[in-house]
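The structure appears right after this line, and notes come after that.
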Amino acid sequence: MTRKQLVSSFLALFICGLTFAQKPSKPNASEIYNSIKKLNFLGSVLYVAAHPDDENTRLISYFANEVHARTAYLSLTRGDGGQNLIGPEIRELLGVIRTQELLTAREIDGGEQFFSRANDFGYSKHPDETLAIWNKKDVLNDVVLAIRQFKPDIIINRFDHRSPGSTHGHHTSSAMLSVEAFDLTNNQSQFPDQLEATSVWQPKRLFFNTSWWFYGSEEKFEKADKSGMMGFDIGTYYPTLGLSNSEIASLSRSQHKSQGFGNTGTRGSQMEYVELIKGDMPKNGDIFEGINTTWSRVKGGEVIGDILEEVERNFDFTNPSASIPQLLEAYKLIQKLEDAHWKTLKTAEIKDIIAACSGLYLEAVSSDQHATAGETVQLNIEIINRSNEPIKLVAYETNNHKVSKNVSLQNNEKLEYKESLAIGTNQQPTTPYWLTKKGSLGMYNVENPDLIGKPETPRKFNVSFDLEIENTAISFQKAVVYKMNDPVKGEVYKPFEIVPEAAAKIDEKVLIFNTDQEMEIPVTVTSGKNNLEASVTIAHPRDWNIYPESQNVHIDYKGESKTIFFKVIPPKNESEGLMTPIIKVGDHTYTKELIEIDYEHIPYQTVLLPSETKVVRLNIQKMGQNIGYIEGAGDIVPESLRQIGYEVITISPEDITEETLHRFDAIVVGVRAYNTIENLKYKQDILFDFVSNGGNMIVQYNTSHRLVTDNIAPFSIHLSRDRVTDENAKVSFIDKEHALLNYPNKISEKDFEGWTQERGLYFPDSWDKEFTPILEMHDKGESKKKGSLLVAKYGQGYYIYTGLSFFREFPAGVSGAYRLFANMLSIGKTNIQKQTSLND
Ligand SMILES: [Zn+2]
């Protein structure tokens, strides 16, 4: 077991009542003791920000593990708009990964996790824009709902609601909505529909988690007036865990692997500050001042507190089961509480503690990882009591099928039962609930209001165990799981999932046809059951053709895939549209693609999304044929250029020599190459000589900070943070006659339609007079930006710098982006490579 796994299982118990992890928690005495301390603290903190990774894990861990408060992070989005450093998933699939990374992070730092329906649609400069693209009222509804459900005493915002425009618009919006919600949550007339399932709530205080970053420098922050702030030394060491608070925080932060946020823990004293925004300032340095955080907070709780304080005081680390009689006494009193909120929370916590103290292990493992509607799987049920407590298994229940047992569980004697689990014929497949209906640019579409805010889809199949512990009836619920032995990893747990009978996908998400030549495309069909008999057709735009029209597929075993081939015949003229494989199995039709997300740091996930491939017929003229590609931070530009008929060879920085460059018509530099490839600074002279000798060189965007060299172009150029985030921002041509806009393809306004996410980023804001700016564009309310596409003649060749987001537009099949890029590669060349086109 690595240290990370060790810690993650150490802390797993802190997430009482949640069942997102498939691995069973196996708490030891120290963990049980910490859970008892948490059981005896009745206060809570809600941390609010916009994205996975915005949260301050040091503070979350401090409140969860040092203060023992119930602590949660409300991330308004799931981070769909970010970049993925560990795999090909982007957009909604990246959102699924980052959701699970947050859950794994919370499992380590002891927090809980919530979301809103807001979608991370990409970079936004201002909260006005953010709140126009999000449905402000709906996101505010979700923030109010999260507060009413979680009932925090303290809210802490990551961002400052008073500084719009100084950071990502999502960030400021998260703080603005949190501040606005603070004054609404206790008002019956606000969002009254919520009050059917929850109740009004007034948090006591709201803070902003400030730091030197918001002041520009550590010196400035040191000098700042801190009379409205509270400071905490969050550098605590936890002897029962053998870790410092910031070591836990780093382990938690390091779960953001898709972001590359690996983080090294520190030890020793460290301060965190919060600035009071709403409510009164505590005078005694206790953020919970004036809030009763003991059991006497709840009507009828005092006597429970007395018992549980004794449990905490007398806890025997060598025999936790000694606490069970008193825990049961407290459990029975908790069942009598009138306050439903505390009763639910504390019941879940104390049940987990009782189970842990008695070494009780309950598990229901499915024979199959996947099943389809109408199928029956076998369950293996394991029950064992590892204490001398008198525990009786009264019954267990799987899906309304109750089996009475009435057997005593003797110390360390395992009981195992086999059961069948029948999946209903109407059972919907497992998939993230926020992705089942098509949403808008800014919002997920969630039809069932009970699901709003939940981190993931609740597990459908559970087994409940009715026990009697010392004659006290307690029932426990466990989600059905799948486990297997991996020869390398050992025991591997996976969620038990429902899949459709069949799913199909065209392997490529975008198919570009630059001629009218037909192309054979693979379609992968995956079966969810044994002995699949299906027929497959492909829905396509009217002017395209597919041959054959239909194919039959037989697949013997569930989980198996087969690839079949269809011929796609593009039209003569430029055209684009969507193709979808349609599978018929008996009377059922399936049009979704089944995507598996399988990384070691998060639980395995299946996601169903509409199975769609964009097909684009282009008539691109191009000059020059051989392209050398220097990869930067990673993009699929080389594949995209191959699709329109270029020969593209990827060259590593070490291979940049005069001889290797000689064979190329153009060199293209991948995104952020000058941020990530140290070696490039030694290769610039060779690259510029290549240009001077008649080659073309195209450099795509780099961030303006942390460049490996100042010498990125043969003439001076200054990168800025200028960006145009509105993908529909109007694009004007500075010189309509310029070659880049005319040869070999005539570029028009139409070529800037259908762009995705943004126009571009990190545009230069000043440049040598040798450069000619080609395009002008700007976001609403901003000055005109001319630096998106700059070209300079250098010797016999051309150097082009562009911050336009070709790396986003190519994978989305945006035809205008391909046409413009072909012109960039063709500039100064004369040997036109004629494509089969209308003119032939
Ligand atoms: Zn963020």
Side-chain angles (χ1 to χ4, degrees), residues 46-60 72-86 89-92 94-106 109 111 113-131 133-134 136 139 142-143 146 155-179 207-214 249-250 252-263 272 274 441-444 455 633 672 703 705 721 723 725 757-758 761-762:
L46 180 66
Y47 199 88
V48 181
H51 306 117
D53 80 14
D54 287 345
E55 84 276 23
N56 182 343
T57 53
R58 289 185 302 271
L59 213 48
I60 290 175
Y73 173 37
L74 169 60
S75 174
L76 294 191
T77 76
R78 296 175 187 267
D80 296 21
Q83 282 167 27
N84 184 358
L85 300 183
I86 56 168
E89 298 86 358
I90 53 167
R91 305 228 181 147
E92 53 269 77
L94 180 58
V96 173
I97 291 176
R98 295 182 71 186
T99 295
Q100 292 300 326
E101 288 181 338
L102 275 187
L103 288 170
T104 307
R106 293 298 81 77
D109 61 34
Q113 184 61 49
F114 303 107
F115 293 93
S116 84
R117 285 169 291 170
N119 191 355
D120 176 7
F121 55 82
Y123 193 79
S124 173
K125 287 175 179 167
H126 200 278
D128 288 352
E129 183 204 23
T130 302
L131 295 171
I133 294 176
W134 288 351
K136 189 207 159 186
V139 185
D142 295 0
V143 177
I155 295 177
I156 302 176
N157 291 342
R158 167 75 276 188
F159 298 103
D160 190 347
H161 65 292
R162 299 157 298 195
S163 54
S166 64
T167 174
H168 200 316
H170 298 176
H171 291 164
T172 315
S173 298
S174 73
M176 290 165 69
L177 292 168
S178 168
V179 169
F207 296 92
F208 152 48
N209 182 196
T210 190
S211 75
W212 68 263
W213 189 86
F214 295 93
S250 295
S252 166
R253 185 138 190 91
S254 298
Q255 300 310 307
H256 293 300
K257 295 191 193 301
S258 66
Q259 303 271 90
F261 277 178
N263 195 285
E272 275 290 336
V274 295
L441 175 64
M443 296 296 291
Y444 296 119
R672 287 199 276 128
T703 62
H705 49 279
R721 297 180 67 90
R723 59 204 293 168
T725 57
Q757 195 149 339
E758 64 194 353
L761 62 175
Y762 292 99

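This is a predicted model, so every value here is computed, not measured. Note that ligands are numbered from 1 as they come in the structure, with each ligand's atoms numbered from 1 the same way. Numbers here are sequence positions counted from 1.
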Task: Whether His171 has an N, O or S atom under 2.8 Å from the Zn ion (ligand 1) - done: yes
Task: Centroid separation Phe121 to His170 less than 6.0 Å - done: yes
TODO: Restricting to N/O/S, name the atom of His51 that gets closest to the Zn ion (ligand 1).
DONE: ND1
- [ ] Find, among atoms of Asp54 that are N, O or S, the one nearest to the Zn ion (ligand 1), and state its name.
- [x] OD1
Task: Results of ring-ring contact (aromatic ring centres under 6.0 Å, His included) for Phe261 - residues two or more places apart only - done: none
TODO: Could you tell me whether Tyr123 and His168 have their ring centroids closer than 6.0 angstrom?
DONE: yes
Task: Check ion pair Arg58-Glu272 (N to O, under 4.0 angstrom) - done: yes
